[in-house]
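In this chain, residues are counted from 1 in sequence order. Computed from a predicted model, the values in this text were never measured in an experiment.
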Amino acid sequence: MDDAPRPASSRLNPVKVYGGTPRSAPRKHASPVLAGILFGILAAVVWTLIVYFTGYEIGWVAWGVGALIGFAVVKSAHEPNASLGPTAAALAAASLILAKVLIVEFAAPSAVTKEALKNRETVAALFLLDMRIH
């Protein structure tokens, strides 16, 4: 028989302490600011795609952007505190500004072009302007 002592990790029954809280491995939480930034970028890109494909800037999507960022910030926080609200609001405002820049840069030109091509007088005027320049 082996009389050597067993290592502590091979115990069969853990010690139970009644009235105490069990120790567990420390949970890792994401940074609320980082989560807000990532969800803000994602929401800005989604809003830009909505405008690009529909041709309309749907204003209530901004409420969804703000709600998504607020939810991401709260769920990734270690514990609730008073600074989460202003942090989420600032990140939502930055995300909305980013969305507006992306919309103006990528989605608006195609929407303006589509609308301009529907009007015959506009097409004729743009043709004459192009002929005059070139």
Side-chain angles (χ1 to χ4, degrees):
M1 290 245 230
D2 186 20
D3 291 332
R6 292 184 183 176
S9 63
S10 68
R11 288 185 186 167
L12 297 176
N13 298 322
V15 177
K16 294 181 181 179
V17 178
Y18 294 100
T21 57
R23 285 189 177 179
S24 61
R27 293 175 39 191
K28 295 183 179 179
H29 293 281
S31 166
V33 175
L34 182 61
I37 289 171
L38 292 176
F39 276 93
I41 291 170
L42 176 70
V45 169
V46 168
W47 193 9
T48 304
L49 290 173
I50 289 171
V51 173
Y52 182 79
F53 288 116
T54 64
Y56 297 104
E57 186 176 5
I58 303 168
W60 55 265
V61 174
W63 287 92
V65 169
L68 180 69
I69 293 171
F71 185 75
V73 168
V74 167
K75 285 297 181 182
S76 65
H78 300 286
E79 55 192 39
N81 60 37
S83 68
L84 291 179
T87 301
L91 291 173
S95 178
L96 294 176
I97 291 170
L98 174 65
K100 291 291 188 175
V101 169
L102 291 174
I103 287 169
V104 167
E105 187 65 31
F106 297 109
S110 67
V112 169
T113 303
K114 288 177 189 175
E115 287 298 316
L117 291 177
K118 290 180 183 178
N119 189 343
R120 299 189 84 173
E121 290 83 21
T122 305
V123 173
L126 289 173
F127 176 74
L128 291 175
L129 180 65
D130 186 53
M131 294 299 290
R132 174 88 173 151
I133 292 173
H134 296 105

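- The minimum heavy-atom distance linking Ala77 with Pro32 is given by the pair CA-CG, 3.7 Å.
- Hydrophobic clustering, defined by side-chain heavy atoms of Ile, Leu, Val, Met, Phe, Trp and Tyr closer than 4.5 Å, groups Leu38 together with Leu34.
- Expressed to the nearest 0.5 Å, how far CG of Leu68 lies from CZ of Phe39 amounts to 6.0 Å.
- Considering CG of Leu117 and OG1 of Thr122, their distance stands at 9.0 Å, rounded to 0.5 Å.
- Taking OG1 of Thr113 as the reference point, atom NZ of Lys118 lies at 12.0 Å (rounded to 0.5 Å).
- To the nearest 0.5 angstrom, Leu49 atom CG is 9.5 Å from Leu102 atom CG.
- Within the structure, every pair that satisfies the side-chain hydrogen bond (donor to acceptor under 3.5 Å, both in side chains) test and touches residues 87-108, not counting sequence neighbours, is listed here: Glu57-Lys100.
- Screening residues 33-46 for side-chain hydrogen bond (donor to acceptor under 3.5 Å, both in side chains) gives no qualifying pairs among residues at least two apart or on separate chains.
- Residues in residues 34-43 take part in no salt bridge (Lys or Arg N to Asp or Glu O under 4.0 Å) pair, two or more places apart or across chains.
- A distance of 12.0 Å separates NZ in Lys75 from CG in Leu84, rounded to the nearest 0.5 Å.
- The salt bridge (Lys or Arg N to Asp or Glu O under 4.0 Å) contacts involving residues 120-134 comprise nothing, where partners must be two or more places apart or lie in separate chains.
- Between Val33 and Leu91, the shortest heavy-atom distance links the atoms O-CD1, 3.8 Å.
- The stretch residues 36-55 participates, sequence neighbours left out, in no side-chain hydrogen bond (donor to acceptor under 3.5 Å, both in side chains) pair at all.
- Considering all non-hydrogen atoms of both residues, Val73 and Gly36 come closest at CG2-CA, 3.9 Å.
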